[in-house]
Structures are given as C-alpha cells and as structure tokens.
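The structure appears below as structure tokens.
Residue indices begin at 1 and follow the sequence shown. Counting starts at 1 for both ligands and their atoms, following the listed order. Because the structure is a prediction, the values reported are computed rather than measured.
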Amino acid sequence: MSLHLLVFILSVFTYNVSCITIDLEFAPAVRNVSLKFVGVTLDSGLIKNKWQTFNLTSQKVLTLAKGISPSYLRVGGTDCDYVLFNMTQDQKTSQQSANFPLTVADWDNLNHFVMSAGWDLIFDFNVFLRKNGQWDPTNAIELLEYTVKQGYKPSGYELGNEPNLFPSANAVSEKQLAKDFASFKDIVSSSGVPPFLTIGPDIAGMTGSYLENFLDAGGSDVVDVVTVHQYYTNGHTATLKDFTDKKLLDKFIKEVDSFVKTCNQKAPHKQCWLGETSSCYDGGARNISDRYVAGFFWLDKLGLSALHGLQAVLRQSFYGGSYSLIDTNLNPNPDYWLTLLYKRLVGSPVFNVTQTTDPNIRVYAHCTNISSSIGYKPGSITVYIMNIGSETASVDIPFSSSKTQERYILSPGDDDGLTSQFVKLNGVVLTLPNDYELPPLRPLYSQGTLQLEAYNMGFVVIPDAMKPECMQT
Ligand SMILES: *[C@@H]1O[C@H](CO)[C@@H](O)[C@H](O)[C@H]1NC(C)=O
Ligand SMILES: *[C@@H]1O[C@H](CO)[C@@H](O)[C@H](O)[C@H]1NC(C)=O
Ligand SMILES: *[C@@H]1O[C@H](CO)[C@@H](O)[C@H](O)[C@H]1NC(C)=O
Ligand SMILES: *[C@@H]1O[C@H](CO)[C@@H](O)[C@H](O)[C@H]1NC(C)=O
Ligand SMILES: *[C@@H]1O[C@H](CO)[C@@H](O)[C@H](O)[C@H]1NC(C)=O
Ligand SMILES: *[C@@H]1O[C@H](CO)[C@@H](O)[C@H](O)[C@H]1NC(C)=O
C-alpha cells in the first residue's frame, strides 16, 4: 500500500468518526434578542473594598468597556444590602457596623464611567434598611435627590439581593417584599429621575416558591423586568472537568425553560432576565472560571438563553472574583474576548438549530449583527459552535458549502491548555496593543467542511447566506 493511500485511509477514518451536519437552511427563526442582550455586573462588595485594583478612570478599562458597549452594568449583590449613601463622608473609614458607605465620589465615578463607556447603570438599593416591618426609603431618597441634581441617568433600579436567601434575622416575606417594591417604585418615580426600569426580585436560582409568591403577591405588576440568578456549581468544589460536563451544561436547559414559563405566565409582557449569572457561585473557581475553559459555560448559556427567550443575561462579573472578564491587572481574560466577538458578530433573530449526531458539539445560530463595526451585509448568518469533546469534529453546513465562511475560531492561548489565561483567535493570541484600542479581530476565509479541533469554540459567519429572516435592516 502506498503511503498516500494509507494517509488517505487514515484521514478518512479519523475524520469520519464524527461528521456533523447543521441544517441551517430550514432552521426556523424563533426569537428576537435586543442590542443589550449581553450585559455585565460589578459586585457591591467592590464599594466596600474601596474598588480593590479596579479603576473607573483608567483608560484601559474604558477602552475595554467601550468595546462591549452598549451594555447594562448592574451594581449589586449580597453587599448591596449593607450600602449606606453618605453625602458628607469623603473617604472610607473603618466601620462600626455591617454597613459601609457609598460616597459621593463613588457615585460620581460610577456614573461618569457608564456615560463615557456608553453603558446603562442598574443600581441595587439596600432593602435591609427597615422601619416597622417596612422598607425605609430615607437613605435612598438622599441618593436619588443627588442623582437628579447631578443629572445622572441610571436606567434601572433594584431593591435587595437574593431575598430567598436572607438570613432569618433579616427575612422579608414575599408579600412584604412585593409591598416594598411598590413603595420603592413610587419613591423613585417621585424623585424626578429620568424614566427607569424597576428590576427584581433577583432570586438565587431560577425557580422556586419565593419567586412565584412574590409575583403572585403583586410583584408582577410592579416590576418591568423579572430577574433571577444562576450558577452551575459551587466555586469552592468545582473541578476543571465540570467545565466541559454535558450534564451540567444541560442542567441549564430545564432551569431556563422553567423560569421563562413562570415569568411569562405570572408576569405577562414583562421582560425575563438572568440578572446575575456565572459559572460558579461564591466568587468563582480560582484559576478555572477566569481561564479559557470558562468560555464553554458562557457561550452555551448565551446560546440557550437567547433560544429559550430571555431578554438579557448579565455576566458576573466585569471585574472582581475568579469569574471576571478582566483581571486584577485590568487585562482581559479569555471570556472578555469571547464576549466582544459575540457582541460584534451575533444579532437577531435567533434560529432553532438542532444537531443530535454528536453530543460534544453544541451549536447555535442567529442572524449576523449587521450594525457592528465589521459591516456585514443583510442576509448574513452567524453560527456559534463549541467542541467539548477530545476529538476533532467535522462540521458541514450544507447550504453554505459553496459560500465563503468567515471563521473566528478560539483555542487555548498557551501550554496551560484549558486553564490558559489567554486565548488564540485563529491561532494568534489576543492582547491589547495599548490602552486606547482593541486589536483587529481577523477571520479566516474558508469554504466547505469545518474541522473543529478538540476543545475549540468559535463563530462562523456566512455573509452570502441571503437568509430571508436576516434581510431586514
Ligand atoms: C423579530 O422582529 C421582527 C421585526 O420587528 C419581526 O418581523 C419578527 O416577526 C420577529 N421575529 C420573531 C421570531 O419574533
Ligand atoms: C486610575 O487611572 C487613572 C488614569 O489612568 C490614573 O491617573 C490613576 O492614578 C489611577 N488610579 C489608581 C488608584 O490606580
Ligand atoms: C456619614 O459620614 C459621617 C462622617 O464619617 C458620619 O458622621 C455620619 O454619621 C455618616 N452618616 C451616615 C448616614 O452614615
Ligand atoms: C493560580 O495561578 C497562579 C499563577 O497563574 C498561582 O500563582 C496561584 O497559586 C494559583 N492559585 C490556585 C488556588 O491554584
Ligand atoms: C427547537 O426545535 C426542536 C426540534 O424541532 C423542538 O423540540 C424545540 O422545542 C425547539 N426549541 C425552541 C426553543 O423553539
Ligand atoms: C451589534 O453591534 C452594535 C454596534 O456595535 C451594538 O450596538 C449591538 O449591541 C450589537 N448587537 C448585539 C445583539 O449584541
């Protein structure tokens, strides 16, 4: 047997192990997603910890923030229920109580930052400030008055965080929280701030009686957006293997379905959001959830959330914890680049593509984002795909086989592999060239079958797809 023939037989053998066909031509458009579908969070604990190494006036942070603009920025989390706005305190001194101050400078910097970045601020107020069993708005009124005076325009307000997990000393019933939200909305409205969204109740987990009871007790009339939080697993016990575990990825399908059903039934015509979400709770899993491998949970969650009908997904966190998009040196982690590519390439509507040949291949498709700086034309489609298996997979998109594909394939950035702090785009490590600009994100132009290597993920744009649902501009 000639060497050529042997190589041929071997390659046919290996490549045919998994050959996936994605039928895009007949995939139905099932949803639309908004421009602000992907957002981010900052934990209120950052205010308590004097912003750690984060810097709201750093040019580098601003450049990174502008890259993923427009975006919601939710400032909240467990510590929001200990925040006290303080007009007179100019710097943080040691605290006597569990509460800590939000200074005028904190609030100014935050508002200037979102304005410069083109982001929309969502602020989570302290619900533990109470009098006679009711929420006490006194401190909130001070902050709102100052906000109006300065002309700041946060786009949403929340009250409290994860009320279903409040310590018993601070427990607030569903019924009482619905009442508190009603008075909260009145207080914010009458303060004279510009139009805003009332957002809540920020339940821990996507289902449960607290959420249902809150909505039934009148919460559904008050909120504009129903929010829940989701994490796949505990950051202290999570292992590297969890991050490519099909069972964990699939767990989210039931959760999102169940939440969307509850949200649509009990709060019709209101938006349904993941108001805070990441891979692992309690700060993430060190050296895993801020590394290359975290992209699988993140990209899969974005795909499933869009497909199942959520209107926004806010990633915990932009900065802070072991699951952040930017690290303590203010440099981008792999998930920053993934988020940036998603914003640039993925648009609306969303198609329902299914593939059952290979459970290690997870695939989603939307119309391409034709308003991004890349300038794709109407009719373009973006497929996003990941290979969580240890073998290369052959992926065919028959209806585009003769059309050019622009491929943006991500792989680990160095020998650390899945736990690399870096990511390669089409074989080149992504880094910031300087504090003022993002690097060019160059596709590979290709046709025919995509060989998607083990543990790679990415985006395939088909500019000439002429998909009718994508022709509207
Ligand atoms: C998405 O929005 C467009 C434009 O408003 C509309 O024509 C279309 O029916 C919507 N698609 C879905 C699946 O809701
Ligand atoms: C934040 O960034 C600004 C602008 O780059 C710089 O002048 C300032 O010193 C930084 N602050 C801290 C605390 O690092
Ligand atoms: C605000 O800070 C000042 C100075 O530290 C302090 O005296 C005052 O009690 C604080 N006010 C509130 C509402 O915490
Ligand atoms: C995380 O990785 C850094 C270097 O990349 C190392 O210094 C640190 O010890 C690691 N921490 C844990 C908990 O593995
Ligand atoms: C997508 O299509 C599959 C198979 O036809 C169907 O079972 C599923 O409900 C659809 N999903 C959505 C979100 O429309
Ligand atoms: C598409 O790109 C535009 C311009 O950068 C951006 O405003 C928008 O948020 C992006 N769309 C999505 C769905 O991310």
Residue T88 vicinity, atoms of ligand 3 by number, heavy atom under 4.0 Å: 1 (C), 2 (O), 3 (C)
Atom pairs, nitrogen or oxygen, ligand 4 to protein, under 3.5 angstrom:
residue, atom, partner, partner atom, Å
ligand 4, 2 (O), N287, OD1, 3.2
ligand 4, 2 (O), N287, ND2, 2.4
ligand 4, 11 (N), N287, ND2, 2.9
ligand 4, 14 (O), N287, ND2, 3.0

Non-neighbouring partners of D120 that pass salt bridge (Lys or Arg N to Asp or Glu O under 4.0 Å), sequence neighbours left out: K36
Test of proximity, Q89 against ligand 3: N or O pairs below 3.5 Å: yes
Pair Y146-D108, side-chain donor/acceptor within less than 3.5 Å: yes
Sidechain N-carboxylate O distance under 4.0 Å for D250, R362: yes
Test side-chain contact (heavy atoms from CB on, under 4.5 Å) applied to V313 and L302, step by step: CA-CA 7 Å; V313 178; L302 291 176; 4.1 Å; yes
Whether F297 and F243 hold their rings parallel, tilted or perpendicular, with breakpoints at 30° and 60°: tilted
Exercise: identify the closest heavy-atom pair between P334 and Q421: CD-O, 3.2 Å
Which segment of T57 sits under 4.0 Å of ligand 2 when only heavy atoms are counted: both
Contact atoms of ligand 2, heavy-atom distance to S58 under 4.0 Å: 2 (O), 5 (O)
All side-chain hydrogen bond (donor to acceptor under 3.5 Å, both in side chains) counterparts of S446, not counting sequence neighbours: R407
Set of side-chain hydrogen bond (donor to acceptor under 3.5 Å, both in side chains) partners for W298, sequence neighbours left out: T339
